[in-house]
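Beneath this line is the structure, given in structure tokens, with notes to follow.
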Amino acid sequence: MNINWSALGFHYTEPDYIVRAACHDGVWEQPYATKDKYLHLHVSATCIQYGQEAFEGLKAFRGVDGKIRIFRWQENAKRLQRSAKALYMTPPPMDLFGDAIRLALLKNLRFVPPYETGATLYFRPLLIGTTPRLGVGPGRDFELIIIPSPIGPYYPGKFHCTSFIVNRHVDRAAPLGTGQFKVGGNYAASFRGTEAAHAQGYDCLFTDAKTHKYIDECSAANFIGIRESGQSPKVESQKVPTGTPINVESRIEYLTPRSSAILPSITNDSLMKLARKMGMKVIRRHIPVEELATFSEAAACGTACVLSPIDKVIDPDKGVTYHICDEPGPIVSRLYKALQDIQYGRVRDTHHWCEVI
Ligand code: PLP
Ligand code: COI
């Protein structure tokens with residue numbers, strides 16, 4: 001095997017093993033590793049017929065010290081449990097999830113990319129309903145499958161800006177629907193928006209389905225906006241050297257949407273904690289699209305895209321383009337570095353976010 005790690009994109013590379021565990025009538029069996037990447041699945045399985053499926057995404061990093069760190073897998077386990085309950089599936093126990101991830105890692109060690117290649121080992125845990133059923137309703141049999149794959153950056157190129165286009169004509173998820181859960185149906189529902197945006201050279205910024213006034217999510221990532229406290233004008237682009245005192249950001253606001261239809265991002269949660277530690281004011285509330293004019297920096301955040309700066313947002317319905325910045329700004333850059341320093345073991349993991357293997 002000869003993988004050009006630095007050239008990897010966010011694409012599937014076949015691992016040696018996947019890990020599987022079955023559940024029947026509420027009882028989970030032990031996970032096992034297998035080379036077989038195909039499922040023998042009944043054509044009427046509830047995952048196929050009615051979309052009884054949830055998934056997750058998490059990463060293992062090869063650190064500066066050569067050790068491998070799995071980032072906050074317990075949070076992914078909890079979120080999968082929430083998604084499972086929402087779709088009437090038996091939630092995989094936390095220990096079983098952790099064992100399955102560790103087994104998937106240990107069986108595919110040669111796929112953990114070296115440090116400083118920009119690539120990581122991504123795990124896609126998948127939970128599917130396998131009971132054959134024609135009547136509409138949940139089944140009683142499930143399977144947890146962990147699919148590992150080395151991946152490169154979600155947005156190709158190192159740390160650079162991406163542009164978004166507002167879409168008020170496609171809803172990703174309803175306010176009381178499944179948007180807050182990581183279920184496959186949300187993604188199929190978003191294709192109309194994301195593919196239309198891609199066709200125009202942008203990524204899709206979804207608005208809330210009820211009023212279409214507020215920012216919901218960036219394609220498959222949360223949105224964050226950065227600005228100077230309590231006011232609208234843009235902050236002059238300023239360089240904040242890495243070593244500057246922590247309270248330098250005390251006048252900076254970190255805004256992120258509060259919405260019942262967005263996925264509670266583990267990356268966003270981590271960044272909010274880091275931002276607070278740097279002295280920023282973290283605000284979660286409805287963010288009207290027009291407020292984009294007040295941000296000096298903005299970014300999409302998620303496991304796949306980490307923290308991807310946004311340079312501009314087009315709002316075709318209003319005929320407005322929000323120019324946010326020309327290049328990654330100082331605060332987003334600093335947050336990005338703080339997060340990656342922990343993930344790559346360059347600083348002490350005071351939050352205990354990484355399991356070192
Ligand atoms: N929002 C959506 C719709 C996502 O698919 C993801 C990716 O998992 C995120 C946000 C970011 O969540 P996380 O940081 O937990 O990966
Ligand atoms: C992730 O960030 O891990 C995701 O799952 C987003 C997307 C690639 C589905």
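First listed ligand is number 1; within each ligand, the first listed atom is number 1. We use all heavy atoms of the structure for the numbers below, so side chains are in, but hydrogens, waters and symmetry mates are not. None of the values given here were measured: they were computed from a predicted structure.
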For D141 and T130, what are the C-alpha separation, side-chain angles and deciding distance, and is it a side-chain hydrogen bond (donor to acceptor under 3.5 Å, both in side chains)? CA-CA 5 Å; D141 309 279; T130 55; 5.1 Å; no
Would you call [X]-[Y] a salt bridge at under 4.0 Å N-O?
X    : Y    : value
K37  : E14  : yes
R227 : E297 : no
R102 : E355 : yes
R172 : E217 : yes
D315 : R168 : yes

Is A304 in polar range of ligand 1, meaning some N or O pair under 3.5 Å apart?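 No, A304 has no N/O under 3.5 Å of an N/O on ligand 1.
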Answer yes or no: does an N/O atom from S219 fall short of 3.5 Å to an N/O atom of ligand 1?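 There is no such contact.
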Give the residue, atom name and distance (to 0.1 Å) of the protein heavy atom nearest [atom].
atom                    : answer
atom 16 (O) of ligand 1 : T303 OG1, 2.6 Å
atom 7 (C) of ligand 1  : K182 NZ, 3.3 Å
atom 2 (O) of ligand 2  : A304 N, 2.8 Å
atom 7 (C) of ligand 2  : A220 CB, 3.8 Å

Does some non-hydrogen atom of K182 fall short of 4.0 Å from ligand 2?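 In this structure, K182 qualifies as a contact of ligand 2 - some heavy atom is under 4.0 Å.
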Proximity flag R124 to ligand 2, non-hydrogen atoms under 4.0 Å: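 Distance cut 4.0 Å: R124 passes for ligand 2.
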Option set [options], criterion heavy-atom distance to [atom], minimum:
atom                    : options               : answer
atom 6 (C) of ligand 1  : G302, A173, G57, A220 : A220
atom 15 (O) of ligand 1 : E217, R79, R172       : R79
atom 1 (C) of ligand 2  : Y122, Y187, Y154      : Y122

Contact with ligand 1 for A221, non-hydrogen, under 4.0 angstrom: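 Per 4.0 Å heavy-atom rule, A221 contacts ligand 1.
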Numbered atoms of ligand 2 (with element) below 4.0 Å of [X], judged on heavy atoms:
X    : value
F10  : 8 (C)
G57  : 3 (O)
T303 : 1 (C), 2 (O), 3 (O)

At less than 4.0 angstrom from any non-hydrogen atom of N222, what atoms of ligand 1 do you find?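 So the answer, numbered in order with elements, is 1 (N), 10 (C).
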If the cut-off is 4.0 Å to any non-hydrogen atom of Y187, which atoms of ligand 1 fall inside it?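 What qualifies from ligand 1 is 2 (C), 3 (C), 4 (C), 5 (O).
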For the salt bridge (charged side-chain N to carboxylate O under 4.0 Å, His left out) test, which of R79, R284, R72 pairs with D269?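 Going through R79, R284, R72 one by one, the salt bridge (charged side-chain N to carboxylate O under 4.0 Å, His left out) with D269 is satisfied by R72 alone.
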Mind checking whether F71 and W353 have parallel, tilted or perpendicular rings, split at 30° and 60°?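 F71 and W353: perpendicular rings.
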Measure from NZ or CZ of K35 to the centre of the six-membered ring of Y17, then state whether that distance is under 6.0 Å and the direction lies within 45° of the axis.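 Checked: cation-pi criterion met.
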Could you tell me whether F61 and Y115 have their ring centroids closer than 6.0 angstrom?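 No.
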Side chains of Q200 and I165: does their closest heavy-atom pair fall under 4.5 Å?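 Yes, their side chains come closer than 4.5 Å.
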